[in-house]
Amino acid sequence: MQGERSAGDEQWSSRTGFVLAAVGAAVGLGNVWRFSAVAGTNGGGAYVLPYLVAAFVLAAPLLVLEFAVGRAYRTDVVGAFRAVRPWLAPAGWAAVGAVFVLLSYYLVLTGWVLAFALAALLGREFTFVAFTAGWAPVGYFLAAAAVVAVVVSLGVRDGIERLSKLAIPIVFLVLVGLGAFAFTLPGAREGLTFLFAPRTDALADPGVWVAALGQVFFSLSVGQGVMLTYGAYLPDEVDLRRSAVVITVADVAVALVAGVAIFPVVFSFGLEPSAGTALAFETLPTAFAAMPGGRFVAVAFFSLLFLAAVTSAVSLLEVGVSTATGNTRLSRRAATAALSVGMVVLGLPSALSYSAVDLRLGGVPVLDALDGSVGTFALPFTALLTVLAFVWLTEPAIVRERLGGGSIVPLLRYAVPIVLGATTTYRLVTAGRGGFGRVPDAIHPDAGVASLLVLGIVCLALVGWYWTREQQSSRAARRGRTERD
Ligand code: PHE
């Protein structure tokens, strides 16, 4: 009986609705907090090229695969794996479990962002250290969880899609505004150079590639069943490849614009670009407090981050809710309520790890322990299972038909698993050796601005080329259809 959904009531209203919801799932804390942390510790410009290559060559094809599989089976993650081989169902459960752990601490971070936004709005004195010395982080975690639960209980179209249609345009506009503002700062040139000046020497460093890959997969929310779940609500006529390209471009653009907004601030105030996780929550707020109009910037920055985080957290909860409604008799409301209790219980230790309790696991805060274990290693693992089930164990003809043939099939069949396997091994081997921090060498001060321009033009050209090609092929397909009739 699994996977029998009443068609129609759980579907995106249009291609735009779907694309915005998927962009909402992808664009999150990862694009701002994690991207800048990873870029900062990997020498900025050294890392942007591997990041772009990984996004378009490896992550985007996986995005297409997940959408196609979701739409083909119109069911939840577990149901999709089970449809390939009954013994694969545990792979689906593994993905759901990993997503749930991720959600539990993602909501803690979302709560922090909410606290920062409110404090800036009310003009209150606020530091991360003081905030996490009390109980407030637990309260904000519960608030964030409640918001996410309400959105998901409203349903695919009335909850998730409606929120994304509202939030994503705001996120884009505010971010572009912040990026433009950053150009007026004294450290703009230095910041852009740090982020965009290519450094060919670093391309030979596997650590940079591994970091970029991990970041891209996380940022695009691929390999964990999130996009598969969203694919199940896709109308039949939506073009998956074109949507995947649009979603990838949007996600990458948000990360890069966030970098354009953040690194000029970092260099204007003499902050440490390689501060890592602390960058968004500790270093930047100090800079906001010190700059003219900083309160306004802080409100804008943290509100957009909150919106972005909520649309991602919603997608994570939806994976669980769709699995629960698909495999039990629970209604959406009941499933959301039950799973919300679960996510609060599971997230509590993470929330407490940055509070008066200072809860630790093996010496590290629970939140960091979860992010470093499940958050880092579950994704490549479940991504491999996804490729195994839906490419290797599925009829080649079906795979080709679902994906539309071309280079995407060998990329998914060989490149993605090889690269995922290799990078995960590398990570396991080098784990514990710390980050890959390095200081950029002397580079021409205008190199960053120039590269940014080139990058923008190349992106536009690529999107334009892809668009016209798709346009042509859909016209050809339409012509073929009319001739046959
Ligand atoms: N992509 C989201 C972000 O960038 C996080 C996420 C990861 C969501 C994996 C779902 C699955 O914040």
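We count ligands from 1, going down the list as the structure has it; atoms in each ligand are counted the same way.
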On the six-membered ring of Tyr73, is Arg402 placed so that its NZ or CZ lies under 6.0 angstrom from the centre and within 45° of the ring axis? yes
Can you sort out the partners of Tyr354 under ring-ring contact (aromatic ring centres under 6.0 Å, His included), two or more places apart, ordered by chain and number? Trp112
Partners passing side-chain hydrogen bond (donor to acceptor under 3.5 Å, both in side chains) against Arg360 (at least two apart in sequence or in another chain): Asp358
Could Arg157 and Trp12 be counted as a cation-pi pair, given that NZ or CZ must be under 6.0 Å from the ring centre and within 45° of the axis? no
For Ser36, enumerate each residue passing the side chain to side chain contact (heavy atoms under 4.5 Å, CB included) test, keeping only those at least two apart in sequence or located in another chain. Ile262, Phe263, Leu279
Can you pull every nitrogen or oxygen pair between ligand 1 and the protein closer than 3.5 angstrom?
from: ligand 1; atom 1: 1 (N); to: Ala26; atom 2: O; distance (Å): 3.0
from: ligand 1; atom 1: 1 (N); to: Phe218; atom 2: O; distance (Å): 2.9
from: ligand 1; atom 1: 1 (N); to: Ser219; atom 2: O; distance (Å): 3.0
from: ligand 1; atom 1: 1 (N); to: Ser221; atom 2: OG; distance (Å): 2.8
from: ligand 1; atom 1: 4 (O); to: Ala26; atom 2: O; distance (Å): 3.1
from: ligand 1; atom 1: 4 (O); to: Gly30; atom 2: N; distance (Å): 3.3
from: ligand 1; atom 1: 4 (O); to: Asn31; atom 2: OD1; distance (Å): 3.3
from: ligand 1; atom 1: 12 (O); to: Leu29; atom 2: N; distance (Å): 3.1
from: ligand 1; atom 1: 12 (O); to: Gly30; atom 2: N; distance (Å): 2.8
from: ligand 1; atom 1: 12 (O); to: Tyr106; atom 2: OH; distance (Å): 2.5

Is there side-chain contact between Thr283 and Glu272, with heavy atoms separated by less than 4.5 Å? no
